[in-house]
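Written out below as structure tokens is the structure these notes cover.
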Amino acid sequence: MQAYLLFSISLCLAVGSLAERPHPCKSPPLVEGSVALTILKEKTFGVEKFSYDAFEERVHIRLLLDQDNHTTYRDTLLLYKEGIAYQIFRHNQTCEKVHFKDPWKPMEIPRDAKFQSQVIIGSLSAPAEGLLVNNWSGTMAEPHDDYLLTFTEFGCLPVHAWWYNIEGQTLLSLSFFDMVLGVEDPEVFNPPPFCDKAQPGNDAALMSFFDALI
């Protein structure tokens with residue numbers, strides 16, 4: 001009876017939400033989760049764990065990448081306020097400290113994004129069988145890539161993201177899963193002690209968040 005009541009409340013909320021046009025939103029400021037990454041043109045696939053802190057504008061990415069049948073592991077800490085990124089190599093306890101030039105971009109639906117549709121992933125025929133999401137599209141200011149974004153209606157969490165460039169025939173796909181609100185260990189945003197002596201280099205400057213991914 002309790003499960004049926006909760007399902008009925010969820011169904012009413014979903015129907016009520018469908019009657020209102022969604023608006024762009026921001027994800028919660030502290031989030032951890034995983035991402036499945038695909039770059040079709042380069043035949044690149046990867047699985048990433050990330051920690052996200054919008055308050056202090058920092059992201060920690062741990063990425064297992066397969067490119068042309070070659071597997072690599074990357075551990076990158078991005079500190080946007082400081083303009084510094086750390087490439088961390090834990091196997092030999094070394095670290096590269098490089099300049100990071102990309103401005104902070106929060107995990108959100110851009111204000112100029114165009115609302116496309118609101119759909120249910122799965123089903124509302126029974127409790128806990130469906131997820132209400134909103135689909136958005138638009139064009140990035142720089143670079144001028146088109147995008148398609150899918151975020152949850154409740155909580156504004158990313159579900160899927162596509163970035164594509166027709167002329168360059170490039171396509172980046174990100175599928176989000178195992179999202180958790182909050183950060184379990186805030187120390188994840190501090191570089192390990194063996195990075196203390198690392199000096200900023202000028203030869204390998206990261207240009208954007210996506211450079212850290214690929």
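In this chain, residues are counted from 1 in sequence order.
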Next on the checklist: Is there a side-chain contact between Ile84 and Lys97 in this structure, where contact means two heavy atoms from C-beta onward sitting under 4.5 Å apart?
Outcome noted: yes

Checklist entry - Same cluster or not: are Phe177 and Val59 linked, directly or through other Ile, Leu, Val, Met, Phe, Trp or Tyr residues, by side-chain heavy atoms under 4.5 angstrom apart? => result no

Checklist entry - Is the closest side-chain heavy-atom distance between Phe151 and Ser27 below 4.5 Å? => result yes

Checklist entry - Strictly by modelled atom types, are Ser173 and His160 linked by a side-chain donor-acceptor pair under 3.5 Å? => result yes

Next on the checklist: Same cluster or not: Tyr147 versus Leu37, using hydrophobic residues (I, L, V, M, F, W, Y) connected whenever any side-chain heavy atoms lie under 4.5 Å apart?
Outcome noted: yes

Checklist entry - Is any side-chain heavy atom of Phe45 closer than 4.5 Å to a side-chain heavy atom of Thr38? => result yes

Item to check | For Pro24, side chain to side chain contact (heavy atoms under 4.5 Å, CB included) partners two or more places apart | outcome: Ile109, Trp136

Item to check | Within residues 46-97 or reaching into it, pairs that qualify as disulfide bond (SG atoms under 2.5 Å apart) - sequence neighbours excluded | outcome: Cys95-Cys195

Checklist entry - Would you call Val98 and Tyr86 a side-chain contact if the rule is heavy atoms closer than 4.5 Å? => result no

Item to check | Heavy-atom side-chain contact between Val35 and Val47 under 4.5 Å | outcome: no

Next on the checklist: To the nearest 0.5 Å, what is the distance between CG on Leu149 and CH2 on Trp162?
Outcome noted: 12.5 Å

Item to check | Residue pair His60 / Thr76: nearest heavy atoms and the distance that separates them | outcome: CD2-O, 3.2 Å

Next on the checklist: Distance check, rounded to the nearest 0.5 Å: Leu30 atom CG versus Glu56 atom CD?
Outcome noted: 9.5 Å

Checklist outcome for this item: Separation between SG (Cys25) and CE (Met107), nearest 0.5 Å, reads 10.5 Å

Checklist entry - Could you state the interatomic distance from CZ (Arg21) to CD (Gln118), rounded to the nearest 0.5 Å? => result 10.5 Å

Checklist entry - Can you name the salt bridge (charged side-chain N to carboxylate O under 4.0 Å, His left out) partners of Glu108, sequence neighbours left out? => result none

Checklist entry - Val159 and Leu131: side-chain contact (heavy atoms from CB on, under 4.5 Å), yes or no, with the steps? => result CA-CA 10 Å; Val159 176; Leu131 177 66; 4.3 Å; yes

Item to check | Residues that Asn92 engages under side chain to side chain donor-acceptor pair (under 3.5 Å), provided they are two or more places apart | outcome: Thr94

Item to check | Test ring-ring contact (aromatic ring centres under 6.0 Å, His included) applied to Tyr52 - qualifying residues, sequence neighbours left out | outcome: Trp104

Checklist entry - Is there a side-chain contact between Phe176 and Phe50, using heavy atoms and a 4.5 Å cut-off? => result yes

Item to check | Worked verdict on Ile61 versus Leu78 for side-chain contact (heavy atoms from CB on, under 4.5 Å) | outcome: CA-CA 8 Å; Ile61 299 168; Leu78 311 176; 4.1 Å; yes

Checklist entry - If only atom types and distance count, is the side chain of Glu32 paired as donor or acceptor with the main-chain N or O of Glu184 below 3.5 Å? => result yes

Item to check | Nearest-0.5 Å distance that lies between atom OG1 in Thr72 and atom CG in Leu63 | outcome: 7.0 Å

Item to check | Pairs satisfying salt bridge (Lys or Arg N to Asp or Glu O under 4.0 Å), at least one member in residues 83-95, at least two apart | outcome: Asp75-Arg90

Next on the checklist: List the residues meeting salt bridge (charged side-chain N to carboxylate O under 4.0 Å, His left out) with Arg62, not counting sequence neighbours, and say none if there are none.
Outcome noted: none

Item to check | disulfide bond (SG atoms under 2.5 Å apart) contacts touching residues 27-69 (sequence neighbours left out) | outcome: none

Checklist entry - Please walk me through it: do Tyr80 and Glu82 pass side-chain contact (heavy atoms from CB on, under 4.5 Å)? => result CA-CA 5 Å; Tyr80 285 80; Glu82 292 84 349; over 6 Å; no

Checklist entry - When rounded to the nearest 0.5 angstrom, what is the spacing between CG in Leu157 and OG1 in Thr150? => result 13.0 Å

Item to check | Side chain proximity check, Val183 to Phe189, heavy atoms < 4.5 angstrom | outcome: yes

Next on the checklist: To check you understand the geometry: which heavy-atom pair defines the closest contact between Pro192 and Ile88, and what is its length?
Outcome noted: CD-CD1, 3.8 Å

Next on the checklist: Using side-chain contact (heavy atoms from CB on, under 4.5 Å), reason through Leu65 and Thr44 one step at a time and then give a plain yes or no.
Outcome noted: CA-CA 7 Å; Leu65 196 68; Thr44 299; 3.5 Å; yes

Checklist entry - Hey, any chance Leu64 and Leu174 share a hydrophobic cluster, counting ILVMFWY side chains that come within less than 4.5 Å of each other, even indirectly? => result no

Item to check | Minimum-distance pair of heavy atoms, taken over all atoms of Lys81 and Phe55 | outcome: NZ-O, 3.5 Å

Next on the checklist: Is it the case that the side chains of Asp178 and Ser34 hold a donor-acceptor pair, with the cut-off being a distance below 3.5 Å and no angle test?
Outcome noted: no

Checklist entry - With Pro103, which residues qualify under side chain to side chain contact (heavy atoms under 4.5 Å, CB included), at least two apart? => result Lys105

Item to check | Nearest heavy atoms of Pro28 and Cys156, plus distance in Å | outcome: CD-O, 4.1 Å

Item to check | Partners passing salt bridge (charged side-chain N to carboxylate O under 4.0 Å, His left out) against Lys197 (at least two apart in sequence or in another chain) | outcome: none

Checklist outcome for this item: Residues passing the side chain to side chain contact (heavy atoms under 4.5 Å, CB included) test with Glu187, sequence neighbours excluded, are Asp185, Asn190

Next on the checklist: Test of understanding: with side chain to side chain contact (heavy atoms under 4.5 Å, CB included), list the residues that count as partners of Asp196, not counting sequence neighbours.
Outcome noted: Pro193

Item to check | Student check: side-chain heavy atoms of Trp163 and Leu171 closer than 4.5 Å | outcome: no

